[in-house]
Amino acid sequence: MAGSVPKGVLARLVGSGVEEFSTRYWGREPLLRRTGGGFDDLLDLDGVDELLSRRGLRTPFLRLARDGAVVDSRSFTGGGGVGAEIADQVRDDRVAALFAEGSTIVLQALHRTWPGIIDFTTRLTDELGHPAQANAYVTPPSSQGFSAHYDVHDVFVLQLAGRKHWKVHAPVHPAPLRDQPWSEHADAVAARARDAPVIDEVLEPGDVMYLPRGWLHSATALGDVSAHLTVGVHVVTRFAVVEALATLVGSDERLRASLPLGVDLADPDHLGGHLESVREDLIAALRAVPSEDIARHVRDKVWKGNLPEPLPPIAAATFALNLGDGDSVRRRDGLRFRTRDTDDGRIVLELPDRHLSLPESTSTALSAVLDGRTWCVGKIPGLDTPDQLVLVRRLLREGVLMAAGT
């Protein structure tokens with residue numbers, strides 16, 4: 001069931017050798033680790049049943065798969081009844097029947113619906129610097145949910161319950177991008193899956209496996225019901241910088257110029273006559289793009305990939321309204337932000353969806369409350385208590401800070 005998550009969630013997955021993981025495994029090769037512990041604090045089978053029966057889930061928060069194919073959602077969804085006139089609410093009785101017949105349950109986006117996994121994923125993304133999502137796969141005894149395939153994001157597989165036999169094969173298309181799914185290489189994937197696997201192991205509760213994007217994998221439940229959590233890491237690639245550059249060079253007037261009238265775009269020789277001048281202008285434009293603009297373009301996508309930790313609206317509004325000397329606050333976990341000074345003597349706090357402009361006099365206090373520690377109003381440096389109250393109340397209402405202990 002849901003529970004608190006300790007700091008250092010990456011170390012919980014890969015062990016104390018986080019530096020070795022970073023240099024040897026990250027984006028390069030799989031890692032299988034037997035932790036000797038478990039992940040009941042994140043999710044267990046009772047939690048799965050609660051999600052399926054009492055949380056009013058709708059598609060696409062649930063998928064079912066059988067024999068390597070996705071089951072039509074109309075076979076396990078229906079109307080919500082009086083007061084919930086929706087057509088796609090999950091029907092627990094139909095899920096139970098399909099599961100008994102051999103379908104795998106896929107609970108999607110648990111980083112948005114289940115408290116323990118919300119906290120876990122929020123802290124993991126903070127440590128990784130890359131957005132992440134979490135899905136759970138619950139497989140009937142001796143069943144396989146999906147055939148051999150690869151993902152276009154890195155994954156951490158956490159075995160929650162039961163045992164699952166995993167086979168992992170080397171990539172046929174290394175480091176795929178988001179728009180390069182395994183189905184584009186289906187024949188090569190099928191052929192590679194017939195080779196001897198790189199990993200051929202049974203995962204038991206508490207075991208963790210890391211797979212970089214592109215590595216082929218399939219899993220079969222053994223004996224009892226098996227459940228694992230897949231944390232998908234949407235890695236930011238070098239190509240993201242290329243995409244940013246491609247967008248930003250559009251500000252160069254030379255590259256926006258029209259090609260000549262009557263150009264034959266189907267003729268490589270005809271088009272080739274223009275390529276050299278375009279290349280020269282492109283190189284010049286690329287060199288002229290400020291690194292600050294590139295960073296802003298890339299981080300805007302990354303920052304919107306995950307939300308910060310949940311904030312209780314009623315309690316938060318009440319706390320801000322009644323804020324007083326001695327109250328304790330902290331920055332929200334997982335909040336993405338950046339501060340910068342402006343030419344007119346203001347400080348801008350950049351957030352994923354907006355910018356806040358603050359007086360320069362708040363600089364010291366702002367740096368303090370954003371450092372991740374708990375601060376007591378009245379003891380924040382750089383401002384007297386009345387001004388601390390003004391600043392903290394503003395940041396509480398903007399969802400930057402929250403009550404400590406929340």
Side-chain angles (χ1 to χ4, degrees), residues 8-39 42 68 104 106 120-121 124-125 127-137 139 144-160 162-178 180-183 185-186 188-222 226-238:
V9 292
L10 181 58
R12 183 181 181 185
L13 300 181
V14 305
S16 58
V18 172
E19 183 62 32
E20 180 187 6
F21 173 77
S22 174
T23 57
R24 176 179 174 183
Y25 296 100
W26 175 253
R28 294 178 177 85
E29 60 180 273
L31 170 67
L32 174 59
R33 178 171 177 263
R34 314 284 185 180
T35 69
F39 298 105
L42 300 184
T104 289
V106 184
F120 178 87
T121 309
L124 181 62
T125 56
E127 295 179 26
L128 293 175
H130 299 259
Q133 66 178 72
N135 298 344
Y137 296 79
T139 310
Q144 177 176 319
F146 293 93
S147 56
H149 65 285
Y150 67 71
D151 294 320
V152 293
H153 49 260
D154 291 17
V155 298
F156 289 96
V157 176
L158 287 61
Q159 189 67 22
L160 302 174
R163 302 164 65 239
K164 193 162 285 186
H165 182 196
W166 284 80
K167 292 184 178 181
V168 177
H169 294 80
V172 298
H173 182 66
L177 299 174
R178 298 286 298 169
Q180 297 173 336
W182 74 271
S183 55
H185 305 274
V189 167
R192 179 62 54 84
R194 293 191 287 269
D195 295 340
V198 175
I199 293 177
D200 189 352
E201 297 282 351
V202 174
L203 268 63
E204 301 192 8
D207 291 345
V208 179
M209 183 165 59
Y210 165 73
L211 296 174
R213 57 200 164 103
W215 284 75
L216 277 56
H217 54 276
S218 62
T220 302
L222 303 175
S226 175
H228 72 269
L229 183 71
T230 293
V231 180
V233 183
H234 294 240
V235 293
V236 183
T237 68
R238 292 168 64 91

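Residues satisfying the side chain to side chain contact (heavy atoms under 4.5 Å, CB included) test with Thr35, not counting sequence neighbours, are Arg33, Val208. Partners of His169 according to the ring-ring contact (aromatic ring centres under 6.0 Å, His included) rule, which considers only residues two or more places apart in sequence or in another chain, do not exist here. For Pro181, the side chain to side chain contact (heavy atoms under 4.5 Å, CB included) partners two or more places apart in sequence, or in a different chain, are Ser183, Glu184. Contacts of Arg28 classified as side chain to side chain contact (heavy atoms under 4.5 Å, CB included), with partners at least two apart in sequence or in another chain: none. Under the side-chain hydrogen bond (donor to acceptor under 3.5 Å, both in side chains) criterion, Ser226 pairs with Gln159, sequence neighbours left out. Partners of Ala136 by side chain to side chain contact (heavy atoms under 4.5 Å, CB included), not counting sequence neighbours, listed by chain and number: Leu43, Leu107, Leu110, Leu229. Every residue meeting the side-chain hydrogen bond (donor to acceptor under 3.5 Å, both in side chains) condition with Glu201, not counting sequence neighbours, appears here in chain and number order: Arg34. In terms of the side-chain hydrogen bond (donor to acceptor under 3.5 Å, both in side chains) criterion, residue partners of His173 (sequence neighbours excluded) are, by chain and number, Gln180. Residues that satisfy the side-chain hydrogen bond (donor to acceptor under 3.5 Å, both in side chains) test with Tyr210, not counting sequence neighbours, are Asp154.
Two residues are said to be in side-chain contact when any heavy atoms from C-beta on lie closer than 4.5 Å; Glu127 and Val18 fail this criterion. Residues Leu124 and Leu13 form a side-chain contact, since some pair of their non-hydrogen atoms from C-beta on lies under 4.5 Å apart. The shortest distance between side-chain heavy atoms of Asp151 and Arg213 does not fall below 4.5 Å. Side-chain contact between Tyr137 and Val157: absent, with no pair of heavy atoms (C-beta onward) separated by less than 4.5 Å. Contact check for Val152 versus His234: no side-chain heavy atoms found under the 4.5 Å cut-off. The closest side-chain heavy-atom distance from Phe156 to Val9 is not below 4.5 Å. In this structure the side chain of Val198 reaches within 4.5 angstrom of the side chain of Trp215, judged on heavy atoms. Put simply, the side chain of Glu20 does not reach to within 4.5 Å of the side chain of Leu31, judged on heavy atoms.
Across all non-hydrogen atoms, the minimal contact from Ala148 to Ala193 is CB-CB, 3.7 Å. Summarising the geometry of Thr125 relative to Pro131, their closest heavy-atom pair is CG2-C, 4.1 Å, with the distance given to 0.1 Å. Looking at every heavy atom in both residues, Thr121 comes nearest to Ala134 through OG1-CB, 4.0 Å. In this structure, Val172 and Ala188 approach most closely via the heavy-atom pair CG1-O, 3.6 Å.
Counting only distance, with no hydrogens or angles, the side chain of His130 and the backbone of Val236 share a donor-acceptor pair below 3.5 Å.
Leu203 contributes atom CG, which lies 9.5 Å from atom NZ of Lys164 (distance to the nearest 0.5 angstrom). Residue Leu211 holds its CG atom at 10.0 Å from NE2 of His153, rounded to the nearest 0.5 Å.
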Using side-chain contact (heavy atoms from CB on, under 4.5 Å), reason through Leu32 and Trp166 one step at a time and then give a plain yes or no.
CA-CA 11 Å; Leu32 174 59; Trp166 284 80; over 6 Å; no

Let's go through Phe120 and Val231 carefully: what are the C-alpha distance in whole Å and the side-chain angles of both, what is the deciding distance for side-chain contact (heavy atoms from CB on, under 4.5 Å) to 0.1 Å, and is it a yes or a no?
CA-CA 10 Å; Phe120 178 87; Val231 180; 4.1 Å; yes

side-chain contact (heavy atoms from CB on, under 4.5 Å) for Lys167 and Asp200? Distances and angles first, verdict last.
CA-CA 5 Å; Lys167 292 184 178 181; Asp200 189 352; 3.9 Å; yes

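Side-chain contact check for Asp207 and His228: no donor-acceptor pair (N or O, by modelled atom type) lies under 3.5 Å.
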